[in-house]
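All values below were derived from every heavy atom in this structure, side-chain atoms included, with hydrogens, water molecules and symmetry-related copies excluded. Fair warning: this is a prediction, and the values are worked out from it, not measured in the lab.
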Amino acid sequence: MIKNFKWLFLVSLTFVACNNNDDVTTDANSSDGLPLTSGSANFSKYVALGNSLTSGYSDGALFIEGQKGAYPALLAQQFALIGGGDFTTPFMADNVGGFKVGGTVASGPRLYFNGSAPVPVSGTPSTEILTHLTGSFNNMGVPGAKSFHLLSNTYGNPAGIGSYANPYFVRFASSTSATVLGDATAQNPTFFSLWIGNNDVLAYATSGGTGVNQTGNMNPATYGSNDITDPTAFASVYNTLINGLTANGAKGVIANIPYVTSVPFFTTVPTNPIPGLPTASAAQLNQLFGAINQITTALGQPNRFATIVADDNNPATTEKNPLLINDESLPNLSTYITGALTPALGAATAGYVGNLYGRAKHASNVPATRDYILLTAQSVIGTTQAGAPSPFNTVGVSYPMQDSTTLTASETAEVVAATNAYNTTIQSLAAAKGLAFVNANTIMSQVANGGIAYNGFTMTSTYVTGNAFSLDGVHPSPKGYALIANKFIEAINATYGSNLKGPDLGGYRILFPAFL
């Protein structure tokens, strides 16, 4: 139906060379030029709780060099200048990234940029999850953890790997019935950081909204892995976490949750990447989509389809066509479409078309109704859908992209509403307990909308070349983690009267190379 076109997503990107300076720049001078002081804080025993962002996860995996650059590790380096103690991390076994369970590779390896695209590094993960680490650890960031997981006494049980337990926590939990919070408070921290809640909405978003919005369900034990956590349940859990961490007088710093749509995983693939189609193909689709628009008009609903642009083999044509997607929030028009098209196409074909396009539409890039195409969707755009008849088989053009490839406007609204509710809880508890507060939502929005200038670098959310994010499109790059550490330190200084100076971004890589 359409001429061949390649989905050349990354070819036009210019490779940014990695900074080969592995040394973290640490300045013993304070941020104000005066002798260093911790103010009213005591950094002698620092413990960090959170998820993958706390652990140093990057490029789709957890690995040693990424863990060394985790923002808590960078904070601990600064704390050490004014009485901070040792900071231990449950390091992975290699820089390949990923892990094995019982000898079978279950995750990894990490990605690197080969000059044109992200690809996995060579090698096999050597970290064995069932080889248990002993001792206590200051960095208690657990990739994949949601808020309520930090209170779960089954989260570190190796018998539950693949269901209710987390392999990363299994590896370093103090016992099979330990909780993340319990292992943290057992260390009697004098200072803590807590950044949790991202995964309470992120898993829903990165799955394309395939989970369930559990608002109204206060029992997290009944949730699926991709569900949105009920805001009231989140508030209860977060109160328990903060009360537990401050029970012995510890001070700390907490951060709120960025909107998921500020990260490259959701913003890199445009809503309209399809080149102009051959005239005949464009005309055929416009006739079909026009007929469906007539149905929506007759029903008093907005049109769902744009006019397809033809290129007429003209290289000067630059206008692109929007992606065809499914939106499960739309009223299903299958019956109406089938009835309207049966006289022209016959009952069988009209029935197929009706079922195919009953909830289909063109993706919107209008801010108020914006649909987001997932980074992972790039591999299917323009491919031929197996089993679908021509001319209805080109994914994103004549065959709607499925729910798992997009975050629609209605799904985005659910994520935003939950995020706002979580952030209200976090900020109110920061104020009530006198804790340092990092507005990560505002920071990441600034990164995504023009960027943040820091230490001579402009940190943006542009995929690969924007400095702030790693190749998985969700987690920070080494420079990104250094920026986060600086923002945490700014909040700590403002709240407790300390005068720490954060790490210099110039001492950190832009991206990790293939070999470390």
Side-chain angles (χ1 to χ4, degrees), residues 49-55 101 106-107 129 140-171 173 175-184 194-245 256-257 259-260 327-329 374 402-404 406-408 410-426 428-429 474:
L49 290 83
N51 49 39
S52 53
L53 294 170
T54 298
S55 72
V101 178
S107 176
I129 292 301
M140 302 201 66
V142 182
K146 298 185 179 185
S147 59
F148 52 86
H149 287 145
L150 303 190
L151 304 179
S152 170
N153 63 3
T154 63
Y155 208 48
N157 188 340
I161 292 177
S163 53
Y164 53 81
N166 182 296
Y168 296 99
F169 187 50
V170 163
R171 185 166 172 261
S175 72
T176 58
S177 61
T179 69
V180 176
L181 177 62
D183 277 1
L194 175 65
W195 196 8
I196 196 71
N198 303 72
N199 289 331
D200 291 70
V201 289
L202 181 64
Y204 177 87
T206 55
S207 72
T210 59
V212 175
N213 184 350
Q214 293 286 359
T215 298
N217 180 1
M218 284 285 291
N219 184 8
T222 64
Y223 295 179
S225 60
N226 293 334
D227 293 354
I228 294 176
T229 302
D230 172 80
T232 305
F234 176 89
S236 175
V237 166
Y238 207 88
N239 267 279
T240 300
L241 293 171
I242 293 298
N243 287 335
L245 289 166
N256 68 2
I257 311 305
Y259 293 134
V260 298
D327 185 344
E328 294 182 350
S329 71
L374 308 190
Q402 298 306 294
D403 189 37
S404 60
T406 62
L407 187 69
T408 63
S410 60
E411 292 166 342
T412 300
E414 292 181 284
V415 170
V416 169
T419 302
N420 288 341
Y422 302 165
N423 287 347
T424 296
T425 293
I426 294 169
S428 65
L429 281 172
V474 172

Nearest-0.5 Å distance, [atom1] of residue [X] to [atom2] of residue [Y]:
| X | Y | atom1 | atom2 | value |
| --- | --- | --- | --- | --- |
| Leu194 | Asn51 | CG | CG | 9.5 Å |
| Asp200 | Asp230 | CG | CG | 10.5 Å |
| Gln402 | Glu328 | CD | CD | 8.5 Å |
| Glu411 | Ile228 | CD | CD1 | 8.5 Å |
| Asn157 | Asn166 | CG | CG | 12.0 Å |

Determine the minimum heavy-atom distance between [X] and [Y], stating which atoms define it.
| X | Y | result |
| --- | --- | --- |
| Ser55 | Gly141 | CB-O, 3.6 Å |
| Ile161 | Ala165 | N-CB, 3.8 Å |
| Pro158 | Thr176 | CD-CG2, 3.8 Å |
| Ala145 | Gly50 | CB-O, 4.3 Å |
| Ala178 | Phe169 | O-CE2, 3.6 Å |
| Asp183 | Met140 | CB-CE, 3.4 Å |

Is the closest side-chain heavy-atom distance between [X] and [Y] below 4.5 Å?
| X | Y | answer |
| --- | --- | --- |
| Thr179 | Tyr155 | no |
| Thr206 | Leu374 | no |
| His149 | Asn199 | no |
| Thr412 | Val260 | no |
| Val237 | Thr229 | no |
| Thr425 | Pro231 | no |

Practice task
Sort out for me which residue in Leu241, Thr54, Val142 forms a side-chain contact (heavy atoms from CB on, under 4.5 Å) with Ile196.
Solution key: Leu241

Between the main-chain N or O of [Y] and the side-chain N or O of [X], is there a donor-acceptor pair closer than 3.5 Å?
| X | Y | result |
| --- | --- | --- |
| Asn423 | Ile257 | yes |
| Asp227 | Gly224 | yes |
| Trp195 | Asn256 | yes |
| Thr424 | Asn420 | yes |
| Ser163 | Gly160 | yes |

Problem - Between Thr408 and Thr406, a side-chain donor and acceptor under 3.5 Å - result: no

Problem - Where at least one partner belongs to residues 205-237, residue pairs that pass ring pair (Phe, Tyr, Trp, His ring centres under 6.0 Å), sequence neighbours excluded - result: Phe148-Tyr223, Phe234-Tyr238, Phe234-Tyr422

